[in-house]
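Naming convention: chains lettered A, B, ... in sequence-line order (proteins, then strands); numbering from 1 in each chain.
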Amino acid sequence: MPEGHTLHRYAAALRADLAGQPVRASSPQGRFAAEAGTLDGAVLERAEAYGKNLLLEFSAGGTVHVHLGLRGLFLRYDDPAAEPRKGTRLHLVGDRAAYDLIAPMTCALLEPGAVARLLATLGPDPLRPEADGEEAVRRLRAHPRSVGAALLDQSVLAGVGNVYRAEVLYRHRVDPRAPARDVPAATYAAMWEDLRGLMARGVRVGSILTVDEAPDDTPPEQARYVYKQPACRGCGGPVRTWTLDGRDCYACDREQLAD
DNA sequence: CTAGTATGGACAA
DNA sequence: TGTCCCTACTAGC
């Protein structure tokens with residue numbers, strides 16, 4: 001679940017339910033107990049996503065950095081008094097809802113300087129309105145390895161994960177193995193604009209849908225061209241799969257791969 | 001029911 | 001490269 005669109009979705013939900021009010025914070029699981037204690041009762045000033053990172057800024061002066069990793073998730077309860085699930089790393093309660101943060105890779109309290117350092121490691125996020133597409137193109141072209149590797153590098157683009165990678169490369173008929181510097185700037189510019197639209201749809205719908213003609217209620221696995229597809233949804237031909245840096249890569253054998 | 005897998009990434013070795 | 005995040009979903013017994 002957690003590519004960038006998921007984090008932006010959570011940020012919007014947390015903002016809507018908790019921002020601007022005192023928030024009760026606790027850590028039933030214990031690993032964030034000391035930090036939660038210092039935040040308990042502080043006002044949530046901001047909830048923002050930057051790529052796959054979520055930042056919760058509290059009036060007490062601290063910012064909680066959440067990275068879900070592969071398996072992390074938030075649960076939302078309509079009832080603020082709902083009992084947190086066992087193992088909840090961070091439990092947040094506002095006046096109209098409560099949230100559990102489960103199994104995040106990272107949940108840490110950051111000083112302002114550390115927040116700035118974190119953000120400095122990230123490339124442009126297609127889901128942030130102020131993001132600079134030209135900078136994204138520059139970083140993509142400057143990447144020393146393949147375009148497939150470049151797209152997953154969060155210092156190049158923030159928020160793109162394995163599904164969006166596979167799908168955007170297909171949509172632009174780019175071979176994931178191509179050296180990043182060999183892909184035309186115009187292609188990167190088009191991919192950037194495409195990602196903005198695709199990922200915004202992901203935020204709206206709550207899942208990654210990349211086939212334009214598929215209605216928003218199509219099951220996700222049926223609204224993708226190549227990611228985990230037995231056959232290319234575009235041409236019906238075979239999808240080739242291999243491993244790149246420990247992640248599965250998918251590409252249409254006919255339309256994307258020259259050899 | 002259990003096992004395998006994965007839309008991430010940091011860290012140890 | 002292997003391992004850890006008190007996960008969810010799916011395929012297969």
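Taking side-chain N and O atoms only, Arg165(A) has no distance below 4.0 Å to OP1 or OP2 of dT7(B). Contact annotation: Tyr227(A) side-chain N/O to dT7(B) OP1/OP2 distance is under 4.0 Å. Taking only side-chain nitrogens and oxygens, Lys52(A) comes nearer than 4.0 Å to OP1 or OP2 of dG9(B). Residue Arg89(A) has no polar side-chain atom (N or O) positioned under 4.0 Å from OP1 or OP2 of dT7(C).
Comparing dC1(B) with dC6(C), their P atoms are spaced 24 Å from each other, to the whole Å. dA10(B) sits 23 Å from dA8(C) when the P atoms are compared, rounded to a whole Å. Using P as the reference atom, dT3(C) and dT5(B) are 14 Å apart when rounded to the nearest Å.
Under the 4.0 Å criterion applied to side-chain N and carboxylate O atoms, Glu167(A) and Arg224(A) are not assigned as salt-bridge partners. Salt bridge present: Arg139(A) and Glu135(A) bring a charged side-chain N and a carboxylate O closer than 4.0 Å. Here Arg85(A) does not pair with Asp100(A) in a salt bridge; the nearest charged N to carboxylate O distance is not below 4.0 Å.
A cation-pi arrangement is present between Arg128(A) and Tyr50(A) under the rule of less than 6.0 angstrom and at most 45 degrees off the ring axis. Figure legend: cation-pi geometry between Arg76(A) and Phe74(A) absent, as NZ or CZ is not positioned both under 6.0 Å from the six-membered ring centre and within 45° of its axis.
Nearest-nucleotide mapping onto DNA chain B: of Thr106(A) and Lys228(A), the residue sitting toward the 5' end is Lys228(A).
The distance between atom CZ of Phe74(A) and atom C1' of dT7(C), rounded to the nearest whole Å, is 14 Å. Distance Asp245(A) CG to dA6(B) C1': 16 Å, rounded to the nearest Å. At whole-Å resolution of the value, CG in Leu152(A) and P in dG9(B) are 8 Å apart. Rounding to whole angstrom units, NE2 of residue His91(A) and P of dC6(C) are separated by 17 Å.
Within 4.0 Å of Arg31(A), counting heavy atoms only, lie sugar-phosphate atoms of the nucleic acid but no base atom. Among the heavy atoms of the strands lying under 4.0 Å from Gly161(A) are primed sugar atoms or P, OP1, OP2 only; no base atom is included.
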